[in-house]
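Have a look at the structure below before the remarks.
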Amino acid sequence: MRVDLLSLLGIFLAFAAVLGGNWLEGGHLGSLVNGPAIVIVLGGTVGAILLQTPVPVFLHAMRLAGQVFLLPSHDLRGTIRKLVGWSETARRDGLLGLEDEAEREADLFVRKGMQLLVDGSEPGVIRNVLEVELDSRERAELLASKVFEGMGGYSPTIGILGAVMGLVHVMQNLADPSKLGSGIATAFVATIYGVGLANLFLLPFASKLKTLSLRRAQFRELVIEGIVSIAEGENPRNIELKLMGFVNE
Amino acid sequence: MRVDLLSLLGIFLAFAAVLGGNWLEGGHLGSLVNGPAIVIVLGGTVGAILLQTPVPVFLHAMRLAGQVFLLPSHDLRGTIRKLVGWSETARRDGLLGLEDEAEREADLFVRKGMQLLVDGSEPGVIRNVLEVELDSRERAELLASKVFEGMGGYSPTIGILGAVMGLVHVMQNLADPSKLGSGIATAFVATIYGVGLANLFLLPFASKLKTLSLRRAQFRELVIEGIVSIAEGENPRNIELKLMGFVNE
Amino acid sequence: MRVDLLSLLGIFLAFAAVLGGNWLEGGHLGSLVNGPAIVIVLGGTVGAILLQTPVPVFLHAMRLAGQVFLLPSHDLRGTIRKLVGWSETARRDGLLGLEDEAEREADLFVRKGMQLLVDGSEPGVIRNVLEVELDSRERAELLASKVFEGMGGYSPTIGILGAVMGLVHVMQNLADPSKLGSGIATAFVATIYGVGLANLFLLPFASKLKTLSLRRAQFRELVIEGIVSIAEGENPRNIELKLMGFVNE
Amino acid sequence: MRVDLLSLLGIFLAFAAVLGGNWLEGGHLGSLVNGPAIVIVLGGTVGAILLQTPVPVFLHAMRLAGQVFLLPSHDLRGTIRKLVGWSETARRDGLLGLEDEAEREADLFVRKGMQLLVDGSEPGVIRNVLEVELDSRERAELLASKVFEGMGGYSPTIGILGAVMGLVHVMQNLADPSKLGSGIATAFVATIYGVGLANLFLLPFASKLKTLSLRRAQFRELVIEGIVSIAEGENPRNIELKLMGFVNE
Amino acid sequence: MRVDLLSLLGIFLAFAAVLGGNWLEGGHLGSLVNGPAIVIVLGGTVGAILLQTPVPVFLHAMRLAGQVFLLPSHDLRGTIRKLVGWSETARRDGLLGLEDEAEREADLFVRKGMQLLVDGSEPGVIRNVLEVELDSRERAELLASKVFEGMGGYSPTIGILGAVMGLVHVMQNLADPSKLGSGIATAFVATIYGVGLANLFLLPFASKLKTLSLRRAQFRELVIEGIVSIAEGENPRNIELKLMGFVNE
C-alpha cells in the first residue's frame, strides 16, 4: 500500500497552475480569498450531500476516500501465479492441502473463496456465493463514489447561486458606481470556488474511486474464475492460459 | 423507524450556509424575498410536474417522501440471523414449523415469502413470485423518485424564464435608469429560487429516494436468496456464508 | 376513459403562474406577445422534428398525444380478478370454456392472448407470441414519446437562436440608444417562448407519454404472466399470489 | 424508394421560419452572412469529425445520408404476407420449393435467409448466422449516425469559440465605440451558424438515421423470426399470428 | 500500419479554419497568445486527469494514443479468408496441421486462439478463454479513452475558471477604463483555449479511440466465432457464410 505520487502531483499541479496562471496575469491572490463565498459553496455543497446520502453510504464513502492516494495493491500477475500454484497443490495433495494457505491469505475475499474450496463446496455454489459478494461490494463502492460525484454536481451550481445573490446585492447599490467593480468581483469569487472545487478536486476524485472499484471488481472476477477452475479440477496450464486474459495493460 | 438527523442537518446546513454567506457579504435577506418570483418558480414547477405525472405515481411519490427523513429500518445482519434461524427450524421441524414465525413477521415482503415456504411451494415458484414483486416495487419507487428529479430539472429553467421575463420588463423602462439596478436585482431573484430549490432540496431529495430504493431492493434480494435456500433445504452454515456477501459497508 | 383533471390542472397552473407572476411584478403581458418570435420558435421546432421523424412515427405520436389527458384505463386489480376467474373456469370446464369470454374481451392484447389459450397453443408459444407484441408496442410508443422529447430539446436552443439574431439586429442600430432597451426586450422574447414551451409543455408531455407506456407494458406483462399460468394449468390461488406482486402503489 | 416529402418540408420549414421570423422583426438577412464565421464553424466542425471518425465509418455515413430523404421501403405487412406464403409453399412442396423465390428476392438480407433455408440448414444455425449479420449491421449504422451526432455536438461550441474570438477582437478596439455594436454583431453570427446548423439540420438528421436503423433492425428481426419458423416447420397460421405482433403503428 | 491521413487532415483543418476565420475577420493572432492562460488551462486539465487516473490506466492511454493516427490494420475480409483456409486445412490434415500457421501468425489474439485449437481444447473452453480476454481488453481500452474524454470535460470548465478569475482582476481595476477592454480580452483567451482544446482535439480524439476499440472488438469476435467453428468441425462453406455477416460497410 504505497502512496500514489501521481495523484498527489495531480492535485498539486492543478491548483498551482490555476493560481499561478492568475498570478502571472497580475491578479492578486488575496482578491480570491472570500470568507462568505467559502461559507456558501462549502456549506451548501456539504448540506446538499448530507440530505442526499443515507448515513452508512456516507461513512463508507469517507472510508474509501483514503484509498485514492494509495496505489492499488492488487497485483494481477502475482495473483495468477498464486492461483496456478494452488491448483498444482490441489492436484497433488487434494483440496485439503490448501488449508494452510487459506489461513495465511490476507485478502478477505480470496480467503473466503479458499475456505469454500477447502470445505469441498460444489463449483456452482462457490461461484454463486462469491458473485453475490462481488456484486454487493461493487454496488456499495459505486454508491460511495456517487457521494463525491454528487458534490461535484452541486458545487458549481451553488457557486453560481452565490454569484447571483452577490449580483443582486450589487445591483441594489448602483448609486455608488465606484464600488460596482469590486462588488461584481466579489460576487464572481463564489463561482470560482464552485467550479474549481468540482473540476480540480471532486469530479476527478469521484472518477478515480469508480475506476479503482472497477479494477477491484476485475481482480475479484479473476479470483472467482481461478478458484472455481481449481474446484472443477481443471489443468493448471489451462487455468494460467485463461487467467492471463485478465492482464491487458 | 427513527428520524435521520443527518438529513435534517443537511437541509438546515444548506439553507443556513447560503443565506448566512449572503448576509456575511452584506446582503439584505429582505431583498431575496419576492412574491411574484415565488409564484413563477413554485407554480411553474408544480404545474409542469402535475402535467408530467399520472395521478397514482404522484400519490406514491408523496407517500414515499416522508421516508427520506427516517433511518432505513432494514437491518441486514439481523435479517440474516433470522433467516439462518428459520433454516435451522426448517431442518429440525420441517417447513410447517415456520408457521408461527410467518404470522408474527411484520415486513409484508418477508411474510409473503414465509407463507409460500410454509405452503410447500417449489423453490422455483417462490423465486419467481418474489422476483415479480421485487421488480414491480423497484420500478414503482423509481417512478416516484422521478417526480422529484423532474421538479429539480424544471425549477432552474423556470427560474431563468422568470429572470428573462423580468429583464424584458426592465429593458422596456430604460428611460428611468435610477430603477435599472433594482429591476435587474428583482429579475435575478427568480433564478436564485429556481437554482436553490433544485440544488439544495429537490435533487438531493430525489437522489436519496433512489438510494433508499436500491437498498430496499438489496434487502429484498437477500430475503429471496435466503428463503429460496431454505426451500431447497440448504445447510444453514452455507446459507449464512452466502447471505453474508450482501453485507459490505 | 375519463379525463385526467390533474394533467389539465397542471398545464393551466404552469402557464397561469408564470404569466401571473410576471403580471404581479408589473410586467405588461402585451410585451410578451411577439409574432416574429412565435414564427421562429414554432416554425423552427416543428421543422426540425419533421426532418427528424419518419412519417409513421410522427402519425403514431399524434394519435398517442390525446391519451395524455385521459386517465389510464388499465385497472390492475380488476384484471387480476378476471384472470383468476378465467383460471377457475379453465380448471372446471377446460380451456374451451373460455371461448365466450375471449369474444367479449375489449382489450385487443388480452383478446389475442385468450384466443391463443382457446386454440390450445403451448405455454411457451403463447409467451413468445405475446412478448414479441409487447416489445414491439413498447418500442413504437417510446419512439412516439421521443417526438415530443425532441421538440422539447430543440425549442430552447431555437429560442436562443432567435434571441441572438435579435441582438445582432439591435447591435447594428446602436446609433439610436433610445430604442436599445425595447430592441433587447424583443430579442429576449424568443428565449421565453423556447424555454417556456419546452419546460411547461413539451418535456412534461413527453415524460408522461413515457410513463404511460411503462404502465401499459406492466399491464401487458401481468396479462402474459396470467395467461401463460392458465395455459400451464397452475392453481388459481398461486396465480393470484403471483399476479398481486404487480400491484404496488 | 419514393422521396420523403415530410423531411424535405421539415428542413425547408425550419430555415424559412428562422430567417423569415428575423426578417419580420426588421433584421437584414445580409447581416447574417459572414464569410469568416462560415469558415470557422464549417471548417472546425468538419475538421473535428474527420479527426474523430475512422475512414470506413465516415464513408458509410455518407452513403447512408442519402436515405434520410427517402421513405423506408420496408413494408412489414407485405413481408409478413410473403413469409406466410413461403411457409405454405414449404409445407406443400418442401423447402426446395422455395428455390425460385430465393433467387428472385431483391433484399439481400432476406435472400441470405432464404438460401440458408433452401440449403436445409438447422433452425439454430439460421438464427445464429442471421443474428450475427443483424447485430453487425446495426452497430455499423449506429456508428454512422454518430458522425452527424458528433458534428451536431461540435458545431455549437465551435460557434461559441468563434464568438469569443470575435469579442476578444472587439474588446481590443474599444477606442472606437462607433464600431463596437457592429463588431459584437459580427461576433455573434458564428454562434447563430453553430447553433442553427446543429439544431435545424445535424441533430435531427442524426436522430432520423438512428430511427431508420431501428426500423430496419425491426424488419430484420421479423424476417429472422419468420424464416426460422419456416425452418422449424411451424404452422402458417401461427407464424402469421406471431409476426403480426411486429406491426404496431 | 499506414498513417491515417484523414485524421491528420482533420486536426490541421480544424485549427486552420478556426485561426484563419479569425484572421479573415481582422483579428490579430498575436492577441490569442497568452502565457498565463496556457498555464491555467493545460496545467489545470493535466492536474485533474492525473488525480483522476490510476497510473497503469494513464500509461495505457498514452500507448494507445499513437494509434489514432494509424489506419486500423485489421482486414476483416482477409481474416475471413484465412479462417476459411484454416478450416479446410483442419478438415484435411486434422487440427495438428495448423501448427505451422499458428507459429507464423503475427496477431497475438489470433495466435492464442490457434494454439488452443492445436492443443485440442474443447470448443467451449476456447470460447470462454478468448471471451475473457476480449472483455478484459475492451474494458481496458475503454478506460484509456476515458482519459482523453475526461480531459475534454475538464478543459472548457477550467477555461471558464480562468476567464472568471481574469474578470475578477479586471473588475478590481475599473478605475482605469482605458485598460478595461484589453483586460476582458485577456480573460476571454482562457475560454478560447479550454473550449478549443476540448472540441478540436481532446473529444474527437477520445471518440476515435472508442470507435477503434469497438472495431477491434468486432475483429476479435469474428476471430472467436471462426476459431470456435473450426474446433467444432463445421463445414468451411457455413463458416464463410456466418463470418461474412461481420462485414457491413
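All chains are named by letter (A, B, ...) in the order of the sequence lines, taking the proteins before the strands, and each is independently numbered beginning at 1. Only a predicted model underlies this, so the values are computations on that prediction, with no experimental measurement involved. These values consider heavy atoms only, across backbone and side chains, with no hydrogens, waters or symmetry-generated copies.
- Of all the heavy atoms in C/G21 and B/P36, the pair that sits closest is O-CB, 3.3 Å.
- We find the CD-CZ distance between B/Q52 and C/F205 to be 12.0 Å, quoted to the nearest 0.5 Å.
- Contact annotation for C/E234: neither backbone nor side-chain heavy atoms come within less than 4.5 Å of a heavy atom of chain B.
- The CG atom of B/L50 sits 11.0 Å away from the CG atom of C/L8 when rounded to the nearest 0.5 Å.
- Chosen from C/G245, C/G20, C/G196, the residue pairing most often with chain B at heavy-atom distances under 4.5 Å is C/G245.
- Note: B/N128 CG to C/K242 NZ = 4.5 Å, rounded to the nearest 0.5 Å.
- With a 4.5 Å cut-off on non-hydrogen atoms, B/T53 touches chain C through its backbone but not through its side chain.
- To the nearest 0.5 Å, atom CG of residue C/L214 and atom NZ of residue B/K146 are 9.0 Å apart.
- Contact tally against chain C (heavy-atom pairs below 4.5 Å) for B/L42, B/V129, B/L64: the top residue is B/V129.
- Rounding to the nearest 0.5 Å gives a distance of 7.0 Å between NE2 of B/H169 and CD of C/E25.
- Taking both residues in full, the closest heavy atoms of B/Y154 and C/L203 are given as OH-C, 3.3 Å, listed atom of the first, atom of the second, then distance.
- In this structure, B/S136 OG and C/L243 CG are separated by 11.0 Å, a value rounded to the nearest 0.5 Å.
- B/G44 approaches C/A17 most closely through the heavy-atom pair N-CB, 3.7 Å.
- When each of B/G150, B/A187, B/A48 is checked for heavy-atom pairs under 4.5 Å with chain C, B/A48 comes out on top.
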List the steps, then state whether side-chain contact (heavy atoms from CB on, under 4.5 Å) holds for C/D4 with B/V55.
CA-CA 8 Å; C/D4 180 350; B/V55 184; 3.8 Å; yes
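- Both the backbone and the side chain of B/T186 come within less than 4.5 Å of a heavy atom of chain C.
- Heavy atoms of C/L241 lying under 4.5 Å from chain B belong to its backbone as well as its side chain.
- Your options are C/V189, C/L200, C/L209, and the one with the most heavy-atom pairs under 4.5 Å with chain B is C/L200.
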Using the side-chain contact (heavy atoms from CB on, under 4.5 Å) rule, take C/V68 and B/L51 through it: C-alpha gap first, then chi angles, then the decisive distance, then the call.
CA-CA 8 Å; C/V68 163; B/L51 169 56; 4.3 Å; yes
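- With chain B as the partner, the residue from C/V18, C/L5, C/L24 showing the most heavy-atom pairs under 4.5 Å is C/V18.
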Is there a side-chain contact (heavy atoms from CB on, under 4.5 Å) between B/V46 and C/L13 once you walk through the steps?
CA-CA 8 Å; B/V46 170; C/L13 174 60; 3.9 Å; yes
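- In terms of heavy-atom proximity, B/M165 sits nearest to C/L32 at SD-CD1, 3.9 Å.
- Proximity to chain B (any heavy atom under 4.5 Å) is restricted, for C/F69, to the side chain, taken from C-beta onward.
- Contacts with chain C (heavy atom to heavy atom, under 4.5 Å) involve these residues of residues 114-124 of chain B, listed by number: B/L116, B/D119.
- For the set C/H28, C/E221, C/E225, the entry with the most heavy-atom pairs within less than 4.5 Å of chain B is C/E221.
- The closest side-chain heavy-atom distance from C/L212 to B/P54 is below 4.5 Å.
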